[in-house]
Amino acid sequence: MEQLKTIGRELAMGSQGGFGQSKEFLDLVKSIGEARSKAEEDRIVLSEIDILKRRLLEPDVPKRKMKEYIIRLVYIEMLGHDASFGYIHAVKMTHDDNLLLKRTGYLAVTLFLNEDHDLIILIVNTIQKDLRSDNYLVVCAALNAICRLINEETIPAVLPQVVDLLNHQKEAVRKKAIMALHRFHRKSPSSVSHLISNFRKRLCDNDPGVMGATLCPLFDLISEDVTSYKDLVSSFVSILKQVTERRLPKSYDYHQMPAPFIQIKLLKIMALLGSGDKSASEIMYMVLGDLFRKCDSSTNIGNAILYECIRCISCIIPNPKLLEAAADAISKFLKSDSHNLKYMGIDGLGRLIKISPDIAEQHQLAVIDCLEDPDDTLKRKTFELLYKMTKSSNVEVIVDRMIDYMISINDNHYKTEIASRCVELAEQFAPSNQWFIQIMNKVFEHAGDLVNIKVAHNLMRLIAEGFGEDDDDADSKLRLSAVESYLQIISEPKLPSLFLQVISWVLGEYGTADGKYSASYISGKLCDVADAYSSDETVKGYAVSALMKIYAFEIASGRKVDVLPECQSLIEELLASHSTDLQQRAYELQALLALDARAVESIIPLDASCEDIEVDKDLSFLNGYIQQAIESGAQPYISERERSGMFETTDYHSQDHHEVPSHALRFEAYELPKPSGPPQASTELVPVPEPSYYSEPHQPVSTSLVSERESTEIKLRLDGVKQKWGRPSYQSTTSASSTPQQAANGTTTHSDGGGGGAGSSSSKPRSSYESKKPEIDPEKQRLAASLFGGSSSSRTDRKSSSGGHKPGKGTASKPATIPKENPIPVQPPPDLLDFGEPTATTVTSTDPFKELEGLLDSSSQDGGSTDVMGLYSDAAPVTTSTSVDSLLSELSDSSKGNARTYQSQASKGPNSKEALEKDALVRQMGVNPTSQNPTLFKDLLG
Amino acid sequence: MIRFILLQNRQGKTRLAKYYVPLEESEKHKVEYEVHRLVVNRDSKFTNFVEFRTHKVIYRRYAGLFFSVCVDITDNELAYLESIHLFVEILDHFFSNVCELDLVFNFHKVYLILDEFILAGELQETSKRAIIERMSELEKLD
């Protein structure tokens, strides 16, 4: 521990000998730090760019200077300015023999260049050379660059070497090689599909870091194809077990949890493997139960693991005891004061609720608190939960809440989402038609521009057809209520266009149907709409059609039509409209007014809108005519596709995709020559794939790109050359790219067998929760009751039953009861990691990690070090005097370790002196915190 | 998977930006601006998570610096929150009592540390000791 501190201090001192940079650079950073406005900053940067442009062109720039220039370029780019004039120098620097310069070069290119940049070609060669270097630090630098810069086209150039590096003697190299392969797999799954077995092998690596890194690609692979990895279930479980038994080196501990990040990755993988698989799930039960008991719920990281356990349990075949443990963990989350934990609790609740629907009931008040929380993130998570637990009994309350929230927010993305959820829930669970129409009105009124047009069509269809039951009376009531509500809304200003279309359509169809409103009243309203929204042609079109219908119904029923003067002027205006659509509608309306009743009735029959919607897409009504024509000697129709390519289409798939169409260019790169640099000038001509940033499942996108490009791209005609350069192996790899991929992302849950844990998990509300109850706002309670449908009588039932259950719960929490299924510790299945002998006595002597631990002074001291680090978060309340508490307040979610804080302060003692020195040094250099940035000197960790 | 990591001060000045997905330069600026706006005014009692387009940003504030990580919607929020802290602990160790100024002047070293911690958008090494040892090997060359 002390030793480590000393190393750290030495490092720090070394790095701060004037920060190792020239005065010029320090001045630059300083002046930018003190710039008072963005304009001033820009001015400074632009002059710096000028200086660098000149300097870079000078002959014989010393290498050390060049290194600094490159770093200054990085800085400029970080400030948001273009430094592309210097990219080539960064590329050159990667060629340097000096490792330090090389690393700087690689760092700069990984920050400057995207994987499709033209300059990448110049780096590939260097990377190939560096991957063969004897110095493992060089190899590491190259591998870092590979992870950022290599694209689909260049993967084959480095692949063989990266694969070789998987067996490198240095664990750091193996780890980075794994990550590079993982990257390749994400970029282009087909390129590494034949190498997947390597990932399995590296899972058994001696070094826990390599093993941990291997879990990343394995997670991806397993989420694509679960079945091929079922054999690894017991290995993963045994690794997790060994991790929880603290068999990994202490240095992987974080806040006293053993290798928590590895645990979480393992749990994610187990959730995939156990989903819908009973035998796999059963293997996992014991270790999951252990985790629930061992996890320290007073630290964030402990809760992170607990949360991952909950996710895992909600994915695998449910087990009643585990569900109970998960429910307990969730209720702890929800009762916590930390918003983060509440959020995790709400999320966990949303996952478990599919398996045991009753679980939410005991947390109703906590859920409502979260719903009313000012924190939007928490609120949205809670809405997500409500969405999942909506049923016909609580739909009204939930949708009302959602709409209130929808009205209150401005974020269009989320508004759209919540609007579509409202519509979905309303369509699914609507208790009555009136309610449904009201809800839809609200959705349209407040988010009309954001909802899908289909929603509007659905609503119109619903009003036209009713809810399906053959009750004309109910239908006409529904229509009347719709018409009434629209007549109320219509005069409000600035309604969304889509909503006005619906209103116009409904008023046209049913405005006068009931006889309650006169034709002139309705047509007047429609004219108002057309006037008020005169810039919206679609709305105008709907309004004119509606007018036409109203007059048609009047004429058909034999009444005399009085066209209002404003209608008349509207029609006249539209007759001269620039929009042909509006013009035509106006002419049609004018023509219709002149027809007699019989003709009008057959043009626009009453209430027949839905019949019109059906379209005979197959044109089957022409069948007779066609038959006749063929009989009289006409040729049968052949579709265009068949006509143009009978031969190509018949065995299209078996044909080589690379078959070169005539008169076409082929842009693909030639085969990448093995060791020396390829002349890859052609890369720049290859269409660049869209940045796949926002496409959620990565692999499917890139695969489709692969195949798409091969089939559609214009290709260079190389018939004569092909034998020489063509790659037979390439074809086989492309065909592999079409392997089916599943988009299982860990959220799939298994629904069968859900009843198992339902009863037991909901049967024990906490006593503290009970005691709080009387103080609760009655309004909240009412809301809770309407949301969760929990009548007060059922709640009292629960209370009494919880009393009865208490002793039972006491025993359940004893460690001995949970692993009942497996009372004797099973022999670990084939000890995959070779972490130790199965026999307990020899564990210490044979554990390979012990050798690593030998690097530490002693394990106990090391424990101390992690202990102290763990306290950074706990120290907040006491360090008030040092005036950094406010900065740390968000860290202090678990401020119980007051007793230990003195220790932590003591340990920070020498460091704070150091910090003062540092402070003095930079002040000497003239850097002072300004009002803009008063915290420049403050320790980040306090 | 991690999409990007940003270190920004309260004024929104970027102290470090590492992208693990290819983004246009203009898009990067937009992202940095939006993320800063999202996190800077949040109440300290609020969750450390914010939705960001189709992903989510996990952020944590240390003194005047915001560390923001953009991850997939299905990722474990608390785990990434703690990985930020682990990163800061590593920085604290390396610079001994790290402050914003260390990061300003040594941003290139921060990038190197980050490369030992996260690679290709995933946590590659979670042992503080392993990372510190690697860095000290590199520092020896300096």
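Note on naming: letters A, B, ... go to the chains in the order of the sequence lines (proteins, then strands), and numbering restarts at 1 for each one.
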Who among [options] has the most heavy-atom pairs with chain B under 4.5 Å?
| options | answer |
| --- | --- |
| A/E77, A/E115, A/R148, A/K265 | A/R148 |
| A/K176, A/E308, A/H182, A/E41 | A/K176 |
| A/K342, A/K268, A/H413 | A/K268 |
| A/Y307, A/Y343, A/Y414 | A/Y343 |
| A/L107, A/V210, A/I264 | A/L107 |
| A/G209, A/C216, A/A213 | A/C216 |

Charged N to carboxylate O below 4.0 Å: is that the case for [X] and [Y]?
| X | Y | answer |
| --- | --- | --- |
| B/E116 | B/R134 | yes |
| B/D75 | B/K56 | no |
| A/R380 | A/D375 | no |
| B/E139 | A/R103 | no |
| A/D220 | A/R186 | yes |

Note to self: Quick check: do B/L65 and A/L940 have side-chain heavy atoms less than 4.5 Å from each other?
What the structure shows: yes
Notebook entry, point to check: Would you say the side chain of A/P208 lies within less than 4.5 Å of the side chain of A/P249, judging by non-hydrogen atoms?
Noted result: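 Heavy-atom side-chain distance check passes, below 4.5 Å.
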Quick check on [X] against chain B: is it the side chain, the backbone, both or neither that has a heavy atom closer than 4.5 Å?
| X | value |
| --- | --- |
| A/M344 | side chain |
| A/P260 | neither |
| A/K67 | side chain |
| A/I301 | both |
| A/T104 | neither |
| A/N114 | side chain |
| A/F184 | neither |

Below 4.5 Å from any heavy atom of chain A, which atoms of [X] appear? Answer side chain, backbone, both or neither.
| X | answer |
| --- | --- |
| B/L91 | neither |
| B/S26 | neither |
| B/A17 | backbone |
| B/K140 | neither |
| B/Y33 | neither |
| B/E122 | both |

Checklist line | Residues which pass side chain to side chain contact (heavy atoms under 4.5 Å, CB included) with B/D43, listed by chain and number, not counting sequence neighbours | finding: B/K45, B/F46
Check: Between B/D92 and B/S96, is there a donor-acceptor pair closer than 3.5 Å when you use the side chain of the first and the backbone of the second?
Finding: no
Note to self: Quick one: does any side-chain atom of B/Q124 pair with a main-chain N or O of B/D115 as donor and acceptor, under 3.5 Å?
What the structure shows: yes
Next item on the list: Decide side-chain hydrogen bond (donor to acceptor under 3.5 Å, both in side chains) for B/Y62 and B/H85; before the verdict, give the C-alpha distance in whole Å, the side-chain angles of both, and the deciding distance to 0.1 Å.
Entry: CA-CA 9 Å; B/Y62 294 89; B/H85 191 70; 2.7 Å; yes
Counting heavy-atom pairs closer than 4.5 Å to chain A, which one of [options] comes out on top?
| options | result |
| --- | --- |
| B/S83, B/S127, B/G121 | B/S127 |
| B/T126, B/V50, B/L123, B/L119 | B/L119 |
| B/L103, B/L138, B/L16, B/L112 | B/L138 |
| B/E125, B/E25, B/E82 | B/E82 |

Item checked: Test item: side-chain donor near acceptor, A/D82 and A/S84, under 3.5 Å -> yes
Margin query: Please report the interatomic distance CD(B/E77) to CD1(B/I58), rounded to the nearest 0.5 Å.
Written below: 5.0 Å
Checklist line | Candidate list B/H36, B/K28, B/H29, B/E32, test side-chain hydrogen bond (donor to acceptor under 3.5 Å, both in side chains), partner B/T14, passing option | finding: B/E32
